[in-house]
Enquirer: 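Supplied in structure tokens, the structure appears directly below.
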Amino acid sequence: FFLLGARGGFFFAAVMSVYALVLQPLFLAESPRYMAHTAGRLLAVGDVFAAVCNMGVWGLSWLHSRAREHAVAALELTLKSQRESERKLSSVVESTDDIVCSLDAEGRLLTANAAMRRWFSRLFGHEPRLGEPLTFPGFLEHHPNFPESFARALRGERVRVELVYPLEEALLALDFSLTPILGEDG
């Protein structure tokens, strides 16, 4: 029934029910030898039960199909809403002049907004590469305490550090904030 769909399954169940209620009793009524060994009422009850079972199986199949359709629709709506939220968040992060990036637990760069890419390139002479550790030698040269600060952030602390970079004839001071983002596993 499930493979036939709601309409096809109903048609199949109806045909099988008609067979059990009409055709089988007509066929057996013409067989006196069979009728002599069985009680007519018991046979009629069995035919009705078979018809009810056929329709019941179709009903359960239909309910399962409807529930599945509703679950798929709800999932699609949830995914659409999530994509929209991600798009809005990404738009906010990309449009800000603040440097924003995210690192995984091993310190590898996961995301970097346009401001981060621009300043990183200006300070270190190359664009940051996603998936690579942020703590390359040039970075650690300016921030020897970064691994300790990062470890504190991994333990759940919010860490703020002021980083100073020599830039041409001036110094550039950046307020560096490490904020843990807890996942499902903590």
Side-chain angles (χ1 to χ4, degrees), residues 1-10 57-186:
F1 296 111
F2 180 73
L3 296 175
L4 297 174
R7 288 189 181 131
F10 178 76
V57 168
W58 169 78
L60 289 174
S61 175
W62 178 80
L63 286 173
H64 177 268
S65 295
R66 295 293 296 164
R68 185 172 178 269
E69 289 170 6
H70 286 288
V72 167
L75 178 62
E76 287 174 354
L77 184 63
T78 300
L79 290 173
K80 181 180 177 183
S81 174
Q82 182 181 8
R83 282 191 295 270
E84 182 67 18
S85 294
E86 287 175 356
R87 186 189 63 74
K88 288 177 182 177
L89 180 61
S90 178
S91 177
V92 168
V93 169
E94 279 296 321
S95 66
T96 185
D97 290 333
D98 293 334
I99 297 171
V100 179
C101 69
S102 62
L103 308 173
D104 66 9
E106 283 78 38
R108 293 182 300 248
L109 188 64
L110 297 176
T111 60
N113 72 344
M116 162 58 167
R117 292 188 302 269
R118 183 175 54 251
W119 278 103
F120 192 94
S121 181
R122 190 168 176 192
L123 294 171
F124 298 109
H126 63 86
E127 282 227 358
R129 292 177 192 88
L130 298 181
E132 290 190 6
L134 186 63
T135 55
F136 63 93
F139 183 84
L140 288 175
E141 195 176 291
H142 291 283
H143 313 292
N145 295 332
F146 180 80
E148 178 190 328
S149 299
F150 187 69
R152 286 177 42 210
L154 288 177
R155 289 191 300 268
E157 288 183 51
R158 290 178 175 236
V159 180
R160 291 184 72 124
V161 180
E162 186 173 293
L163 306 175
V164 179
Y165 291 95
L167 188 64
E168 297 158 9
E169 288 97 35
L171 293 176
L172 173 67
L174 297 175
D175 183 31
F176 203 77
S177 176
L178 295 169
T179 305
I181 301 174
L182 301 178
E184 291 177 1
D185 56 351

Enquirer: Per the side chain to side chain contact (heavy atoms under 4.5 Å, CB included) rule, which among V93, V100, T111, I99 passes with M116?
Expert: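 Testing M116 for a side chain to side chain contact (heavy atoms under 4.5 Å, CB included) against V93, V100, T111, I99 leaves exactly one candidate, I99.
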Enquirer: Within a strict 4.5 Å, meaning less than it, do heavy atoms of the N145 and V161 side chains meet?
Expert: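 N145 vs V161: side chains apart.
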Enquirer: Would you confirm whether R158, through its side chain, and A153, through its main-chain N or O, come within 3.5 Å as a donor-acceptor pair?
Expert: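 Not confirmed, R158 side chain does not pair with A153 backbone.
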Enquirer: I need the L75 CG to K80 NZ distance, nearest 0.5 Å.
Expert: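 These two atoms lie 13.5 Å from each other.
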Enquirer: State, with a plain yes or no, whether a side-chain heavy atom of R117 is found less than 4.5 Å away from one of P128.
Expert: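 SC-SC contact between R117 and P128 confirmed.
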Enquirer: Is there side-chain contact between L103 and L110, with heavy atoms separated by less than 4.5 Å?
Expert: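 No. Closest side-chain heavy atoms not under 4.5 Å.
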Enquirer: Below 4.0 angstrom, N of the basic side chain to O of the carboxylate: do E94 and R87 qualify?
Expert: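 So E94 does not pair with R87 through a salt bridge.
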Enquirer: Look at the side chain of S65 and the backbone N and O of S61, then say whether any donor-acceptor pair between them is shorter than 3.5 Å.
Expert: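 Confirmed, S65 side chain pairs with S61 backbone.
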Enquirer: In terms of the angle between their ring planes, are F176 and F146 parallel, tilted or perpendicular, with boundaries placed at 30° and 60°?
Expert: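 Taking F146 first and then F176, their aromatic rings stand perpendicular (interplane angle over 60°).
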Enquirer: Checking S95 side chain against V92 main chain: does a donor-acceptor pair fall under 3.5 Å?
Expert: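 Yes, S95 side chain to V92 backbone: donor-acceptor pair under 3.5 Å.
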Enquirer: Is there a donor-acceptor pair closer than 3.5 Å between any side-chain N or O of S85 and the backbone N or O of S81?
Expert: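 Yes, the answer is positive, given that a donor and an acceptor are paired below the 3.5 Å cut-off.
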Enquirer: So, R66 and E69, do they make that salt bridge, N to O below 4.0 Å?
Expert: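 Answer for the salt bridge query: yes.
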Enquirer: Could you tell me the separation between the CG atom of L178 and the CG atom of L154, rounded to the nearest 0.5 Å?
Expert: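 Answer rounded to 0.5 Å: 9.0 Å.
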Enquirer: Could you tell me which non-hydrogen atom of E127 sits nearest to which non-hydrogen atom of F120, and how far apart they are?
Expert: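 Heavy-atom minimum between the residues: C-CD2, 4.0 Å.
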Enquirer: Would L172 and W119 satisfy side-chain contact (heavy atoms from CB on, under 4.5 Å), going step by step from the backbone distance to the final call?
Expert: CA-CA 11 Å; L172 173 67; W119 278 103; 3.3 Å; yes
Enquirer: For residues A112 and L130, report the shortest heavy-atom separation together with the two atoms involved.
Expert: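 In terms of heavy atoms, the two residues are closest at N-CD2, 4.2 Å.
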Enquirer: Once you round to the nearest 0.5 Å, how far does CG of L79 lie from CD of E84?
Expert: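 Going from CG on L79 over to CD on E84, the span is 13.5 Å.
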Enquirer: Quick check, are the ring centers of H143 and F150 under 6.0 angstrom apart?
Expert: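 Centroid separation for H143 and F150: 6.0 Å or greater.
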Enquirer: Would a 4.5 Å heavy-atom cut-off, applied to side chains only, mark L109 and C101 as touching?
Expert: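 Yes. Closest side-chain heavy atoms under 4.5 Å.
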Enquirer: Might you work through the side-chain contact (heavy atoms from CB on, under 4.5 Å) test for F136 and H126, ending with a clear yes or no?
Expert: CA-CA 12 Å; F136 63 93; H126 63 86; 4.1 Å; yes
